[in-house]
Asks: 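Let me begin by handing over the structure; questions about it come next.
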Amino acid sequence: MRKTKNKVKAFYNPPSLLLKQMGSSLLMGYLNRWRNFPGWLFKYGFKSIPVANGAWGMGCIGYPGHPVWEVTGACNLRCIHCHAVSGQAAPDELTTDEGKKLIDMLAANSEFRTLIYTGGEPLVRPDIFELLKHSQKAGLANIIATNGTLIDEEMAFKLKDHGVVCNAISIDAANPDIHDMVRNKPGAFDLAMRAIEATKKAGILLQINTTAMEYNMPHLPELIDFADNCGAGIMLMYQLVAVGRGEKIEKATLKKTANKYLSELIAQKQKTAHTIIEPVAGPQYWPYILEKNGIRDGLMLKLAGKVFHGCAAGRGFVYIKANGDVWPCPFVEISGGNVREMDFNKIYYESSVFQKLRKREENLKGICADCNYKTVCGGCRGRALAYSGDYLAEDPRCFINDAR
């Protein structure tokens with residue numbers, strides 16, 4: 001049996017990490033005039049510390065220092081927007097022992113304190129609890145990104161025992177018919193609701209993940225209220241990117257006007273929400289709220305650049321495929337190398353794609369290269385790749401420069 005070789009630093013080591021996490025949410029709350037920030041802080045904020053373990057700012061996926069492992073391509077659903085084209089497990093997925101070796105490599109990286117398990121549906125992988133236990137012993141805080149259909153009360157408490165600090169459950173509409181249509185499964189909404197209640201009963205932080213697309217855009221205000229009312233501490237608002245199964249519904253991706261509307265909606269709802277709402281694949285949200293507060297240049301913009309990092313692809317965020325390929329993001333389908341052949345940290349720090357994204361201000365093209373918000377936004381690199389074939393090209397759905 002493989003033993004863990006590394007012990008991850010605690011979330012308070014160094015203490016400055018806590019101050020940075022607090023500063024990030026505080027600045028975001030101030031810019032949005034978030035009335036319930038004190039309430040969120042005391043109800044969810046301290047519980048969110050293990051979830052944002054080691055974070056040093058806010059990006060398009062919530063925070064940097066964020067490794068995500070797609071443990072399997074197997075899934076019990078066939079969602080129309082799935083970036084991983086989930087279905088059956090691939091024959092070349094990392095074995096249990098290889099998965100433990102990967103966990104050890106992630107634990108050796110001082111940037112990381114959490115590990116997000118996703119898929120497919122991670123809970124269909126037969127050895128998932130053995131892997132969760134291994135990362136728990138290594139000191140990593142475990143997070144499960146799930147469709148929720150397999151989580152009942154017994155499963156929720158078992159996840160808690162295996163170091164899971166957050167269940168990120170996907171909900172695409174508060175309307176069961178729309179959610180079930182997107183998930184391609186009658187009854188999926190009811191099962192997800194069971195998971196939500198079980199998660200809260202087990203004392204695990206609830207996160208709601210949503211993918212915004214033309215199919216559910218009219219229902220997003222109601223869905224944000226739903227997440228708020230059902231006790232979610234965090235809501236991640238993804239945008240559909242035309243990759244994976246999402247290529248077949250490219251027409252449902254948000255255009256510039258819809259991208260702008262979504263930023264306006266998040267900012268408006270954040271004022272009175274009890275949950276913190278964060279955009280994914282929509283980094284224009286950060287310059288939007290800055291401009292709304294009259295911050296366009298100067299010292300305040302530089303300060304905001306220390307807190308808001310926009311697109312996090314390759315800049316703290318990293319996505320490991322089921323076969324061990326290391327991508328900057330699930331939407332930037334470019335491998336920097338494979339952990340079967342190279343050490344993870346060598347890929348993460350030395351591969352060309354990660355180096356260019358880490359220094360994106362020097363490498364961006366088009367309007368993104370000339371934009372004074374390239375530090376706090378940087379454009380969605382996944383959208384750039386999907387529409388131009390170049391992950392450093394301008395974001396074709398940016399509304400910031402159009403508005404100006």
Side-chain angles (χ1 to χ4, degrees), residues 2 61 66-107 112 114-136 138 140-152 155-156 158-159 162-170 182-185 188 191-192 195 199 207 209 211 236 238 241 243-246 317-333 335-341 344 347:
R2 175 180 293 276
I61 194 91
H66 194 99
V68 179
W69 178 19
E70 181 188 301
V71 292
T72 183
C75 190
N76 59 330
L77 299 183
R78 299 293 183 272
C79 305
I80 64 174
H81 57 348
C82 179
H83 65 83
V85 197
S86 299
Q88 301 299 319
D92 62 346
E93 293 181 356
L94 296 180
T95 65
T96 303
D97 197 55
E98 288 172 330
K100 290 179 178 179
K101 185 178 179 182
L102 168 63
I103 291 168
D104 291 340
M105 286 190 279
L106 295 173
F112 302 148
T114 61
L115 177 55
I116 295 83
Y117 288 80
T118 188
E121 171 51 53
L123 295 180
V124 304
R125 179 161 170 149
D127 61 354
I128 186 63
F129 287 101
E130 188 174 349
L131 296 170
L132 286 169
K133 181 61 71 174
H134 191 82
S135 53
Q136 181 186 28
L140 291 163
N142 294 326
I143 298 170
I144 294 286
T146 173
N147 58 43
T149 58
L150 302 177
I151 300 179
D152 56 14
M155 174 68 82
K158 189 174 182 180
L159 291 170
H162 285 74
V164 174
V165 299
C166 175
N167 282 342
I169 299 172
S170 296
V182 172
R183 298 281 150 181
N184 257 326
K185 174 86 171 177
L191 292 173
T199 294
Q207 176 176 309
N209 287 355
T211 299
L236 292 190
Y238 286 73
V241 179
V243 298
R245 205 174 280 138
F317 186 89
V318 60
Y319 192 83
I320 302 108
K321 292 288 289 181
N323 68 350
D325 283 340
V326 180
W327 292 3
C329 166
F331 308 129
V332 180
E333 299 175 320
S335 177
N338 190 287
V339 296
R340 282 186 168 122
E341 302 160 2
F344 168 83
I347 298 170

Asks: Report the residues that fulfil side chain to side chain donor-acceptor pair (under 3.5 Å) with Asn142, sequence neighbours left out, ordered by chain and then residue number.
Replies: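 Side chain to side chain donor-acceptor pair (under 3.5 Å) check on Asn142 returns Ser135.
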
Asks: I need the minimum non-hydrogen distance between Thr72 and Ala89, along with the two atoms involved.
Replies: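 In this case the closest contact between Thr72 and Ala89 is OG1-CB, 3.8 Å.
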
Asks: Where is the tightest heavy-atom contact between Asn209 and Ala168, given as atom of each residue plus distance?
Replies: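 Heavy-atom minimum between the residues: ND2-CB, 3.6 Å.
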
Asks: Counting N and O atoms only, with roles assigned by atom type, does the side chain of Arg340 sit under 3.5 Å from a partner on the main chain of Gly324, one being a donor and the other an acceptor?
Replies: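 Answer holds: no.
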
Asks: Which value, rounded to the nearest 0.5 Å, describes the distance between Tyr238 atom OH and Phe331 atom CZ?
Replies: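 Reported value, rounded in 0.5 Å steps: 6.5 Å.
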
Asks: By side chain to side chain donor-acceptor pair (under 3.5 Å), which residues pair with Asp152, not counting sequence neighbours?
Replies: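 So Asp152 forms no side chain to side chain donor-acceptor pair (under 3.5 Å) with any residue.
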
Asks: Rounded to the nearest 0.5 Å, how far apart are NE2 of His162 and NE2 of His134?
Replies: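 It comes to 13.5 Å.
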
Asks: If you compare all heavy atoms of Ala156 against all heavy atoms of Thr199, which two are closest, and at what distance to 0.1 Å?
Replies: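 Taking every non-hydrogen atom into account, CB-N, 4.2 Å.
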
Asks: Tell me every residue that passes side chain to side chain contact (heavy atoms under 4.5 Å, CB included) with Leu191, counting only those two or more places apart in sequence or in another chain.
Replies: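 For Leu191 the side chain to side chain contact (heavy atoms under 4.5 Å, CB included) partners, ignoring immediate neighbours, are Thr149, Arg194.
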
Asks: Which pair of heavy atoms, one from Ala138 and one from Ile103, lies closest together, and at what distance?
Replies: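 Minimum heavy-atom separation between Ala138 and Ile103: CB-CG2, 4.4 Å.
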
Asks: For the residue pair Ile116 and Ala145, what are the closest heavy atoms and their distance?
Replies: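 That would be CG2-CB, 4.3 Å.
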
Asks: By side chain to side chain contact (heavy atoms under 4.5 Å, CB included), which residues pair with Lys321, not counting sequence neighbours?
Replies: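 Lys321 satisfies side chain to side chain contact (heavy atoms under 4.5 Å, CB included) with Glu70, Tyr319, Asn323, Asp325, Trp327 only.
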
Asks: With side chains defined as the heavy atoms from C-beta onward, is the minimum distance between Thr114 and Pro67 less than 4.5 Å?
Replies: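 When only atoms from C-beta onward are counted, Pro67 and Thr114 do touch, with a gap below 4.5 Å.
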
Asks: Output, in order, the C-alpha distance, side-chain angles, deciding distance and verdict of side chain to side chain contact (heavy atoms under 4.5 Å, CB included) for Ile80 and Asn184.
Replies: CA-CA 7 Å; Ile80 64 174; Asn184 257 326; 3.7 Å; yes

Asks: Work out which heavy atom in Pro330 is nearest to a heavy atom in Val243; give both atom names and the distance.
Replies: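 What the structure gives for the nearest pair is O-CG2, 4.4 Å.
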
Asks: Determine whether His81 and Arg183 make a side-chain contact, defined as any pair of heavy atoms from C-beta on separated by less than 4.5 Å.
Replies: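 Yes, at least one pair of side-chain atoms sits under 4.5 Å.
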
Asks: Could you list the residues that satisfy side chain to side chain donor-acceptor pair (under 3.5 Å) with Ser335, not counting sequence neighbours?
Replies: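 Per chain and number, Ser335 pairs via side chain to side chain donor-acceptor pair (under 3.5 Å) with no residue.
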
Asks: Return the CG to NZ distance between Leu77 and Lys185, rounded to the nearest 0.5 Å.
Replies: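 Between atom CG of Leu77 and atom NZ of Lys185 there are 7.0 Å.
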
Asks: Under 3.5 Å, is there a donor-acceptor pair between the side chain of Tyr117 and the main chain of Leu131?
Replies: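 Present.
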
Asks: Measure from the side-chain N and O atoms of Asn167 to the backbone N and O of Ile169, and report whether any donor-acceptor pair falls under 3.5 Å.
Replies: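 No.
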
Asks: Look up atom CG in Leu106 and atom CG in Leu115, then write down how far apart they are to the nearest 0.5 Å.
Replies: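 The CG atom of Leu115 is 6.0 Å from CG of Leu106, to the nearest 0.5 Å.
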
Asks: Just jot down the side chain to side chain donor-acceptor pair (under 3.5 Å) partners of Thr146, sequence neighbours excluded, or say none.
Replies: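 Thr146 satisfies side chain to side chain donor-acceptor pair (under 3.5 Å) with Glu121 once adjacent residues are dropped.
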
Asks: Leu159 and side chain to side chain contact (heavy atoms under 4.5 Å, CB included): which single residue from Ile151, Ile128, Val165 fits?
Replies: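 So, applying the side chain to side chain contact (heavy atoms under 4.5 Å, CB included) to Leu159 and each of Ile151, Ile128, Val165, only Ile151 qualifies.
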
Asks: How about Val182 and Thr211: do any of their side-chain heavy atoms sit closer than 4.5 Å?
Replies: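 Val182 vs Thr211: side chains apart.
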
Asks: Going from CG on Leu102 to CG on Asp97, what distance comes out if it is rounded to the nearest 0.5 angstrom?
Replies: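 These two atoms lie 11.5 Å from each other.
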
Asks: Does the side chain of Asn147 reach to within under 4.5 Å of the side chain of Cys75, using non-hydrogen atoms?
Replies: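 Yes, side chains in contact.
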
